[in-house]
There are 2 protein chains.
Amino acid sequence: MASIKDVARQAGVAISTVSKVLNGYEGVSESTKDKVNAAIEALNYTPNAVAAALSSKQFGRVALLLKLEETVGCVDEINLQYLSGAIHRAKELKLDVVTLFFSMVADMGLDELTSYLKAQSVEGIIAYGMNEEDEFLRELIASGAFKIVLVDAPYHDRNTSSVWIDQKNAQYEIAKKTILGNESCTKVLYIAGDKKSFVTGERIAGMKKLAEELALELTIEYGDFSEKKARELTFSYADRMDVFVCASDLMAIGAMRALMELDVFHPVCGFDGIPLMSYAGKQMNTVRQDFYGVSAAAVEEVDRLLHLEEGRNVVLGYELVRMRYQDIVE
Amino acid sequence: MASIKDVARQAGVAISTVSKVLNGYEGVSESTKDKVNAAIEALNYTPNAVAAALSSKQFGRVALLLKLEETVGCVDEINLQYLSGAIHRAKELKLDVVTLFFSMVADMGLDELTSYLKAQSVEGIIAYGMNEEDEFLRELIASGAFKIVLVDAPYHDRNTSSVWIDQKNAQYEIAKKTILGNESCTKVLYIAGDKKSFVTGERIAGMKKLAEELALELTIEYGDFSEKKARELTFSYADRMDVFVCASDLMAIGAMRALMELDVFHPVCGFDGIPLMSYAGKQMNTVRQDFYGVSAAAVEEVDRLLHLEEGRNVVLGYELVRMRYQDIVE
DNA sequence: CTGTTAGCGCTTTCAG
DNA sequence: CTGAAAGCGCTAACAG
């Protein structure tokens with residue numbers, strides 16, 4: 001591998017000059033810049049990122065902290081989209097990413113985790129799906145040792161930003177669309193997610209707003225993002241409700257299945273917009289979240305935090321869709 | 001962050017001595033070793049991996065090269081298990097992993113890709129699900145620039161190993177179990193995967209062996225791992241066959257659905273053993289592949305290759321299972 | 001057994 | 001505008 005020294009020699013300039021053009025610093029004449037670039041080209045030179053990191057003490061490394069739920073395989077698609085979005089954007093921003101799973105760090109203490117990450121030279125962390133119970137993440141934030149971006153959790157400070165879509169409004173809109181799209185829907189069962197997830201509260205707020213606006217009779221139950229629970233809830237509420245609004249597609253499938261078994265029709269709507277729904281064999285309204293885009297935005301945000309000390313909330317858009325479920329996967 | 005220098009000072013020894021105990025080299029007396037360890041403890045010191053890598057020119061970094069099929073979300077679970085297995089094992093072996101997707105590198109030339117990876121100080125690559133069409137991977141192997149482990153592709157040389165389960169025998173056994181477990185199954189439709197995947201040929205070989213042994217009438221069709229195609233094939237062969245052996249769970253679901261629609265019963269078996277099957281609402285035999293374990297083994301193998309120049313084929317075990325599909329996800 | 005020393009490849013002052 | 005030189009934190013000969 002050619003090194004910066006080779007490039008310098010080839011171009012007939014000093015190493016520091018090469019470094020300057022490499023990093024796009026000003027104060028290099030066009031002519032030398034050209035010479036350097038020619039040399040880089042000729043030698044097929046790629047800077048050694050490790051050496052650069054050591055020298056500059058800027059590692060630009062961010063850890064992606066993912067939660068792998070063993071029980072529900074259907075969220076894997078979401079996680080993979082998160083990963084894909086983050087990794088692609090990180091490549092563009094020339095950030096280095098490492099993927100970690102909660103299970104790897106859950107049993108570490110704060111000190112151990114901190115030095116583990118520091119040793120890996122990570123400076124930033126993107127945490128997906130943190131919830132109220134994740135005490136250690138809270139400590140990590142409080143320690144201020146890292147720049148952190150929380151996806152789907154509402155907190156920000158100097159070193160911490162949050163990135164998510166407007167859950168409240170999305171839930172409001174998809175429910176509204178579903179309810180107004182069908183006649184005489186006043187009694188609404190809202191099957192919420194799990195109590196500890198931050199998104200749950202936001203979405204409930206959206207439903208309450210809608211209930212007030214349309215004078216609905218709103219009943220709220222927690223389905224814990226479980227198809228089974230949603231199914232059971234639907235069974236027990238089927239004869240008392242007009243419409244079933246669910247906080248996830250998976251729960252919406254559970255609700256639909258219950259209604260099909262009972263052989264009654266009620267509108268159902270979901271949330272997430274993942275192709276998992278292909279297996280349900282029906283159509284329904286849902287909110288398509290751009291997990292890839294959210295994750296890419298999180299990387300941008302962590303990049304920003306790496307340079308500025310100024311966390312913030314980033315709220316992204318979403319899309320209301322009517323999913324056309326193929327019954328069969330092609 | 002404390003550096004090796006601080007540790008040396010604290011322990012009253014030279015930095016090279018600290019380095020030696022850090023790396024477990026011999027030739028350090030117990031007493032100084034203790035002093036050094038005490039200093040490390042006291043200062044809560046963690047070695048800087050970047051500096052170590054630069055200095056030793058051993059980066060121990062391996063890239064995981066994954067293929068994300070946009071069309072079929074159901075393989076996401078497999079990919080995530082691959083990732084999880086690799087990342088966990090890599091942590092234990094103190095290897096550094098980066099996750100890459102084929103889509104990120106597909107449009108690069110060999111030189112570009114090589115220098116991209118070299119710049120990232122990648123020394124080893126684990127490629128998942130490479131198939132015959134992946135020309136550039138073939139070139140990468142030929143270039144000899146990296147230590148490569150292929151998962152589910154049968155090739156090895158000095159710098160390349162392969163890791164997979166015994167596809168032929170697994171297919172043989174699961175089909176045998178299914179066929180012998182039901183009466184008078186002689187006409188067998190084998191719905192294979194896609195022609196370009198290496199596993200396809202292996203599995204077909206297993207079926208041929210079985211057909212010979214049990215004097216079966218074996219018909220082979222390619223379902224391309226598509227639920228839809230498997231379903232169509234099943235429709236058209238339903239009245240001519242006794243049993244439907246499929247090269248993936250997803251195709252097995254397609255076959256089962258077709259049979260259910262036709263309201264006839266024939267035994268069906270699948271391959272993979274992923275919970276996706278939960279959605280089918282039936283039971284069937286399948287081969288449970290331990291994707292996590294395969295991936296962990298691949299990391300071990302790349303670690304071995306990093307030290308030895310001696311690729312090989314690693315064949316792992318599998319399990320025949322009868323999946324109990326919950327119809328509902330809890 | 002222990003310490004001294006020369007780098008790894010790059011960034012970054014600071015003179016010229 | 002350009003170049004010389006001092007490290008970043010660590011490893012690895014090589015002396016002692």
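Keep in mind it's a predicted model, so treat the numbers as computed, not measured. Chain letters run A, B, ... following the sequence lines, proteins first and then strands; every chain starts at 1.
Of the side-chain N and O atoms in A:Tyr25, none sit less than 4.0 angstrom from OP1 or OP2 of C:dT11. The phosphate of C:dT2 (OP1 or OP2) has a side-chain N or O of B:Thr32 nearer than 4.0 angstrom. A close approach under 4.0 Å does not occur between any side-chain nitrogen or oxygen of B:Ser29 and OP1 or OP2 of C:dC1.
Checking A:Thr17 against B:Ser19, the closest nucleotide of DNA chain D that is more toward the 5' end is the one next to A:Thr17. Nucleotides of DNA chain C nearest to B:Lys33 and B:Ala51 differ in position, and the one nearer the 5' end is that of B:Lys33. DNA chain D is contacted by both B:Lys20 and B:Ala52; B:Ala52 maps to the nucleotide lying nearer its 5′ end (nearest heavy atom per residue). For B:Gly12 and B:Leu54, each mapped to the nucleotide of DNA chain C holding its nearest heavy atom, the one lying further toward the 5' end belongs to B:Gly12.
Between A:Asn23 atom CG and C:dC10 atom C1' there is a gap of 9 Å when expressed in whole angstrom units. Distance, B:Ile15 CD1 to C:dG7 C1': 12 Å, rounded to whole Å. Distance A:Asp6 CG to C:dC10 P: 9 Å, rounded to the nearest Å. Whole-Å rounding puts the A:Glu26 CD to C:dT11 P distance at 17 Å. Going from atom CZ of B:Arg61 over to atom P of C:dC8 covers 21 Å, rounded to whole Å. The NZ atom of A:Lys118 sits 15 Å away from the P atom of D:dC10 (whole-angstrom rounding). Atom OH in A:Tyr45 sits about 10 Å away from atom P in C:dG9, given to the nearest Å. Regarding A:Asn48, its CG atom lies at a distance of 8 Å from the C1' atom of C:dC8, rounded to whole Å.
Side-chain proximity of B:Ile4 to D:dT2, D:dG9, C:dG3: nearest is D:dG9.
Backbone-only contact: B:Ser3 has heavy atoms under 4.0 Å from sugar-phosphate atoms and none from a base. Note on A:Ser16: a base of the nucleic acid sits closer than 4.0 angstrom, heavy atoms only. Within 4.0 Å (heavy atoms only), B:Val18 reaches no atom of the nucleic acid at all. No engagement by A:Val50 is indicated, since no non-hydrogen atom pair under 4.0 Å with the nucleic acid exists. Across all strands shown, B:Phe59 has no heavy atoms under 4.0 Å from either base or sugar-phosphate atoms.
Within the 3.5 Å criterion, the main-chain N or O of B:Leu140 finds a donor-acceptor partner in the side chain of B:Ser143. In this structure, the side chain of B:Lys118 engages the main chain of B:Ala145 through a donor-acceptor pair within 3.5 Å.
Side-chain contact between B:Leu100 and B:Leu117 is present, with heavy atoms from C-beta onward closer than 4.5 Å. No side-chain heavy atom of A:Val294 sits less than 4.5 Å from a side-chain heavy atom of A:Gln289.
Within 6.0 Å of CD on B:Glu41 lie no more than 12 heavy atoms contributed by other residues, nucleotides or ligands.
A donor-acceptor contact under 3.5 Å is not formed by the side chain of A:Lys57 with the base of D:dG9.
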**Request:** Could you walk me through whether A:Ile165 and A:Gln167 pass side chain to side chain contact (heavy atoms under 4.5 Å, CB included), step by step?
**Result:** CA-CA 6 Å; A:Ile165 70 164; A:Gln167 303 281 341; 3.5 Å; yes
